[in-house]
**Student:** 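Once you've had a glance at the structure underneath, I'll fire off some questions.
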Amino acid sequence: MRTRSIVILLAVAVALITLFYSFSGSLDQSAYVDQIKEEREDKDRFMRTSKESPFSDTTQKYQGLKYFPPDVKYKITASLVPIKDKKPIMLGTNDGKEQRYLEYAYAEFDLDGYHNQLLILETMEAGEFRGKLFLAFGDETSAVDTYGAGRYLDITKAPGSNSITLDFNLSYNPYCAYVEKYSCPFPPGQNLLHVAINAGEKVYHE
């Protein structure tokens, strides 16, 4: 009888712990979604009011940005694979020019049955962005739901780490997706994914 009581108590304890972590996970996910929405509201405010907005010196009326709903599935922890012999790489731009970058590392992850590898680049041009990491990619949504020339994702350096977070909910369009006068690099060929990234910013002009 005593043994049976102990088993029942253990079962109840396990159920309570499972419920606690399930509830805690729901709260964490809700907070994450709220954070993404807040960042989008901040960007919308910037686009509408800032002098640095691509719409500030054009007669084109700002229509508001469009997004996929936030989805934690697309906040991915990828393996960070270093490149030993880093080489400069030239990316073509929408206005027929080229921009120079330096190979930094590969981000590798599995998604929807595919093993994916993205090349992260480091900015070489002089100025405030020198040394910043740059990731441009295309996917199966490109030219359908998202900008045809690819989207960008900001990456933070993590020296000594063997992993990196790729939050595609934060992926965004280059300025040339809104106004033609801007020069924007295309993704390198190896960054054209064979999966649909249904996250982040959608196409602006439909």
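Predicted, not measured: the structure shown is a model, and the values here were computed from it. Atoms considered below: every heavy atom in the structure, side chains included; atoms not considered: hydrogens, waters and symmetry mates. If you read the sequence from its start, that first residue is 1, and numbering goes on from there.
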**Student:** Return the orientation label for the Y178 and Y204 ring planes: parallel under 30°, perpendicular over 60°, tilted otherwise.
**Tutor:** perpendicular

**Student:** Between L121 and L135, is there a side-chain heavy-atom distance shorter than 4.5 Å?
**Tutor:**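 Counting from C-beta outward, L135 and L121 never come under 4.5 Å.
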
**Student:** What are the two closest non-hydrogen atoms of M124 and P88, and how far apart are they?
**Tutor:** SD-CB, 4.3 Å

**Student:** Given 3.5 Å as the limit, does a donor-acceptor pair link the side chain of D139 with the main chain of I197, or not?
**Tutor:**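 Yes, because the side chain of D139 sits within donor-acceptor range (under 3.5 Å) of the backbone of I197.
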
**Student:** According to a 4.5 Å side-chain heavy-atom criterion applied to Ile, Leu, Val, Met, Phe, Trp and Tyr, with indirect links allowed, do I155 and L119 form part of one hydrophobic cluster?
**Tutor:** no

**Student:** Could you walk me through whether D154 and L170 pass side-chain contact (heavy atoms from CB on, under 4.5 Å), step by step?
**Tutor:** CA-CA 8 Å; D154 291 333; L170 300 176; over 6 Å; no

**Student:** Could you give the distance from CG (D145) to NZ (K66), rounded to the nearest 0.5 Å?
**Tutor:**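 Answer for the CG-NZ pair, D145 versus K66, is 12.0 Å.
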
**Student:** Do I36 and Y32 make a side-chain contact, defined as non-hydrogen atoms from C-beta onward lying under 4.5 Å apart?
**Tutor:**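 In contact.
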
**Student:** Quick one: does any side-chain atom of S53 pair with a main-chain N or O of M47 as donor and acceptor, under 3.5 Å?
**Tutor:**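 Yes, S53 side chain to M47 backbone: donor-acceptor pair under 3.5 Å.
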
**Student:** CD1/I164 to CD/E108 distance, rounded to the nearest 0.5 angstrom?
**Tutor:**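 Here the rounded value is 12.5 Å.
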
**Student:** Donor-acceptor pair, distance only, cut-off 3.5 Å: does the side chain of T123 make one with the backbone of E125?
**Tutor:**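 No.
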
**Student:** Between P188 and N191, is there a side-chain heavy-atom distance shorter than 4.5 Å?
**Tutor:**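 Counting from C-beta outward, N191 and P188 do come under 4.5 Å.
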
**Student:** Does S142 reach the main-chain N or O of G138 with its side chain, forming a donor-acceptor pair under 3.5 Å?
**Tutor:**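 Flag not set: sc S142 to bb G138 has no pair under 3.5 Å.
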
**Student:** Is there a salt bridge (charged side-chain N to carboxylate O under 4.0 Å, His left out) between E122 and R130 once you walk through the steps?
**Tutor:** CA-CA 8 Å; E122 185 174 345; R130 184 178 178 85; over 6 Å; no

**Student:** So with a 6.0 Å cut-off around CZ of F46, is the heavy-atom count from everything else above 12?
**Tutor:** yes

**Student:** Under 4.5 Å between any side-chain heavy atoms of D44 and Y62, yes or no?
**Tutor:** yes

**Student:** Consider ring pair (Phe, Tyr, Trp, His ring centres under 6.0 Å). Of Y74, Y152, F137, which one does F168 pass it with?
**Tutor:** F137

**Student:** side-chain contact (heavy atoms from CB on, under 4.5 Å) for L153 and L166? Distances and angles first, verdict last.
**Tutor:** CA-CA 8 Å; L153 189 61; L166 304 178; 4.1 Å; yes

**Student:** Tell me, yes or no, whether the heavy-atom count around K37 atom NZ, taken from other residues, nucleotides or ligands under 6.0 Å, exceeds 12.
**Tutor:**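 No - once you tally the heavy atoms of other residues, nucleotides and ligands closer than 6.0 Å, there are 12 at most.
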
**Student:** Can you pull out every salt bridge (Lys or Arg N to Asp or Glu O under 4.0 Å) where at least one residue sits in residues 84-101? Sequence neighbours excluded, please.
**Tutor:** none

**Student:** Could you point out which residue of L192, N94, L91, T93 forms a side-chain contact (heavy atoms from CB on, under 4.5 Å) with F186?
**Tutor:** N94

**Student:** Assess whether atom NZ of K132 is packed by more than 12 heavy atoms of other residues, nucleotides or ligands within 6.0 Å.
**Tutor:** no

**Student:** Do any N or O atoms from the side chain of N173 and from the backbone of K202 form a donor-acceptor pair under 3.5 angstrom?
**Tutor:**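 Pair found, side chain donor or acceptor close to backbone of K202.
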
**Student:** Answer yes or no: is there a side-chain heavy-atom contact under 4.5 Å between L102 and I89?
**Tutor:**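 With C-beta onward as the side chain, the pair stays apart.
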
**Student:** Looking at OG of S171 and OH of Y67, how far apart are the two atoms once the value is rounded to the nearest 0.5 Å?
**Tutor:** 9.5 Å

**Student:** Is there a path of hydrophobic side-chain contacts, each under 4.5 Å between heavy atoms, that joins L111 and V144?
**Tutor:**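 As far as the 4.5 Å side-chain criterion goes, V144 and L111 are not connected within one cluster.
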
**Student:** Could you go through D57 and K181, starting from their C-alpha distance and side-chain angles, then the distance that decides it, and tell me whether this counts as salt bridge (charged side-chain N to carboxylate O under 4.0 Å, His left out)?
**Tutor:** CA-CA 11 Å; D57 58 352; K181 71 174 184 177; 2.7 Å; yes

**Student:** Does D112 come within less than 4.0 Å of K73, counting only side-chain N to carboxylate O?
**Tutor:**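 A salt bridge links D112 with K73.
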
**Student:** State the CD-CD distance between Q190 and Q117, to the nearest 0.5 angstrom.
**Tutor:**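 The distance works out to 8.0 Å.
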
**Student:** With a 3.5 Å distance limit and no angle check, can you tell me whether N162 reaches the backbone of L80 through a side-chain donor-acceptor pair?
**Tutor:** no

**Student:** Drop me the distance from T165's OG1 to I76's CD1, to the nearest 0.5 angstrom.
**Tutor:** 10.0 Å

**Student:** Taking it one step at a time, do L118 and L193 satisfy side-chain contact (heavy atoms from CB on, under 4.5 Å)?
**Tutor:** CA-CA 8 Å; L118 290 173; L193 302 174; 3.6 Å; yes

**Student:** Can E201 and R40 be counted as an ion pair, charged N to O under 4.0 angstrom?
**Tutor:** no

**Student:** Are there more than 12 heavy atoms of other residues, nucleotides or ligands under 6.0 Å from atom CD of E180?
**Tutor:**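 Atom CD in E180 is not crowded, with 12 or fewer foreign heavy atoms closer than 6.0 Å.
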
**Student:** Ignoring hydrogens and geometry, is there a side-chain-to-backbone donor-acceptor pair from T49 to R45 under 3.5 Å?
**Tutor:** yes

